[in-house]
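Chain letters run A, B, ... following the sequence lines, proteins first and then strands; every chain starts at 1.
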Amino acid sequence: MSTPPKPLGRRLRLAAATTLGDLAAWASRRLGRGSGASIRGQILTRLAPNAFEDLVAGRRIIAVSGTNGKTTTTHMLAAAIKAGLGADASRMVTNTDGANLHYGLASALAKAPKADVAVLETDERVVADLIRLGRPEILVLLNFSRDQMDRHHEIKGLGRSWRDALIQAGPEGPTVIANADDPLVVWASREAKAVVWVDAASSWTGDGALCPNCGALLTHAPDGSTWDCPSCDLTKPPVAYRVEGTSIVLPDGSRHETKLNVPGAFNVSNAACALAAAVTWGVDPEVALDAFRTVKAPAGRFATASFGATTARLLLAKNPAGWTEALPLVHTNPVILAIDSVAADGKDVSWLWDVDYEQLAGRHVIATGPRAYDLAVRLSHADVEHDVILDLDAALARCAGPDVVDCIATYTPFQALLKKAGLR
Amino acid sequence: MKPVEIVLVYQSLLGIYGDQGNAKILVNRLKWRGIDAKLTSVEPGDALPADAALYLLGGGEDAAQVSAVNALREDGSLFNAVDDGAVVFAVCAGYQITGNSFTIGENDDVVEGLGLLDVDTRRGAKRAVGELLARWTRPDGSDYLLTGFENHGGYTRLGSAARPLAQVEIGIGNNGDGTEGAVQDRVIGTYPHGPVLARNPALADHLLELALDRHLDPLPDAEVEGLRAERLAFVRRTGR
Ligand SMILES: [Zn+2]
């Protein structure tokens, strides 16, 4: 596929902005202010306001979105597509740093002008624009749950934007790889020209009470295997791929053991969606699964790192669904939980009361971060023994010793941990 | 003696902001004092207990509000319980539905509420999102600061039968007129949502004292005091 010719002025501006952005990103890295991806993107969008539009056009795009699991799924899928390309691997670009808004995508794409295949982790708010301007061939929709309610007041609003964009794109739209366990994903996806449904065996149904189509109360099977709307035609669709334990069953009935190097049932769900996308793209399933196994600590998630005399395994949890996934992975005693509430975390920590911290009973929790007191009060009501150590460094130091300590953090403290560990 | 029963109403519809927290807190504050308590969680289709001490309504989206009103009206027990003297504590969307009327959707369709509070809610000029600080005058005349997080598009006006729960110091509250929440007999509505009782144990104990019709001694708790101090300092520093 070739890029449609752009007016020379716009192309030059884009080239100049890309160079300036690179320079700023380099400076940002030198100053120890992170990867520079977002400053690069900001310069791009300021100097070349059409950068997003120009950069996504003319590429073969696979996009991954959803509230939780985007980063890991994108890493797995990118590894599989790369493996599928073999010697042509440099034809593929991906945003591994997790910068997934307009400028983050523009930034990743600007760095690889010659790559004609792009695997893009895409924020929920950018999906509609990407469908419209980038015409992705494949769109993976993982799940939809409550996240930062202080900014997104209605979960359904974002789902509606996906749905409208898919309707508008019609036959030009993507093939959607969709998690059939999630009613809002199903409602949005069923308007796509083609859908590959995946039974991802998702555990979180806390946000799927009402039918997104008609508002009736959905019925869920007691074992969580299926759901249905009693008053309209929205129901769990028959699936092509399904998760069974740690295996994935393909449409031809063949069963493939995942043997991933990232933990948790939710990563098997992510792998099932990534596998459906890779196979739809034309990658052999075993080649894809082999590639998935090379993913160990995507963007620092699940990484084990040293902080002075303390060794910690880092887990990210951004919302109740994320905590529900992360808490069962905790094996250590003590365990560190870090909570913040700046804009990137969501300013409202009411969600603490929707997370089953009761399962930590018997362990000692170090509550840290600016909202440690909110967590402490929650833990008292869950009968979980704990200390409050507001400062993150002091909390880490408390756990010095030869044993690894598990540490679950919301977005901002997680980024701080990665930086302290030299992982970003 | 029969355990004090606290009913968490329709968590699947009215539980968007960690609203089950208030139920946990109330039950524990009784248990920590050696008073036998029982939490009953009721979903639409289940019968609501008619003789519980305290009923909790939480936050939810528009469609959920309508479903909750319909289900509660069909069930009917909440109205009988209120007539018999039960306490109702309703936050955010739950507060709105206990009123005479509220609006939903982009066209601001007016929906009839439960009529337990003489208040009416209409869409406001701008959504109220952020920390809220309000001064509550307790039954004994002493003042207590209520701290919480509000997130609502509806603005609520009080009729003559309801009186405000508290006076706003920082934030929007009912509608920007300086009042926050509403009280009518033993029904209390308020905007700070979700686990508002975690930050305001005195309000939790006030609800329990109403429900039990007896005085409760305070429970000293350094962590809750730490939380209150941190939140009060934050809202005064940032203004929101
Ligand atoms: Zn329906």
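- Between Tyr17(B) and Trp351(A), a ring centre-to-centre spacing not shorter than 6.0 Å is recorded.
- With respect to Glu131(B) and Lys347(A), no salt bridge is recorded, no charged nitrogen being found less than 4.0 Å from a carboxylate O.
- Remark: Ala229(B) engages no residue in a side-chain contact (heavy atoms from CB on, under 4.5 Å) (not counting sequence neighbours).
- Using a 4.0 Å cut-off between a side-chain N of Lys or Arg and a carboxylate O of Asp or Glu, Asp123(A) and Lys70(A) do not qualify as a salt bridge.
- By the 4.0 Å N-to-carboxylate-O rule, Arg378(A) lies close enough to Glu358(A) to be salt-bridged with it.
- Considering only residues two or more places apart in sequence or on other chains, Asn70(B) meets the side-chain contact (heavy atoms from CB on, under 4.5 Å) condition with Val66(B), Arg73(B).
- For the pair Leu13(B) and Pro44(B), the tightest heavy-atom approach, listed with the atom from each and the gap, is CD1-CG, 3.6 Å.
- Within the 4.5 angstrom heavy-atom criterion, no atom of Glu43(B) approaches chain A.
- Applying a 4.5 Å heavy-atom cutoff, the residues of residues 384-392 of chain A that approach chain B are His386(A), Val388(A).
- The pair Asp108(B)-Arg123(B) meets the salt-bridge criterion, with a side-chain N (NZ, NE, NH1 or NH2) lying under 4.0 Å from an Asp/Glu carboxylate O.
- For Glu230(B), the part lying under 4.5 angstrom from a heavy atom of chain A is the side chain only.
- For an aromatic pair to be called close, the ring centres must be under 6.0 Å apart, and Phe89(B) with Tyr55(B) fails this.
- At a threshold of 4.0 Å, the pair Asp199(A)-Lys236(A) counts as salt-bridged, since one of the basic side-chain nitrogens sits closer than that to a carboxylate oxygen.
- Neither the backbone nor the side chain of Arg228(B) comes within contact range of chain A; no heavy atom of the residue lies under 4.5 Å from a heavy atom of that chain.
- Looking at heavy atoms from C-beta onward, Glu180(B) lies in side-chain contact with Pro192(B) at the 4.5 angstrom threshold.
- Along residues 22-38 of chain B, the residues that come nearer than 4.5 angstrom to chain A, judged on non-hydrogen atoms, are Lys24(B), Ile25(B), Asn28(B), Trp32(B) in order of number.
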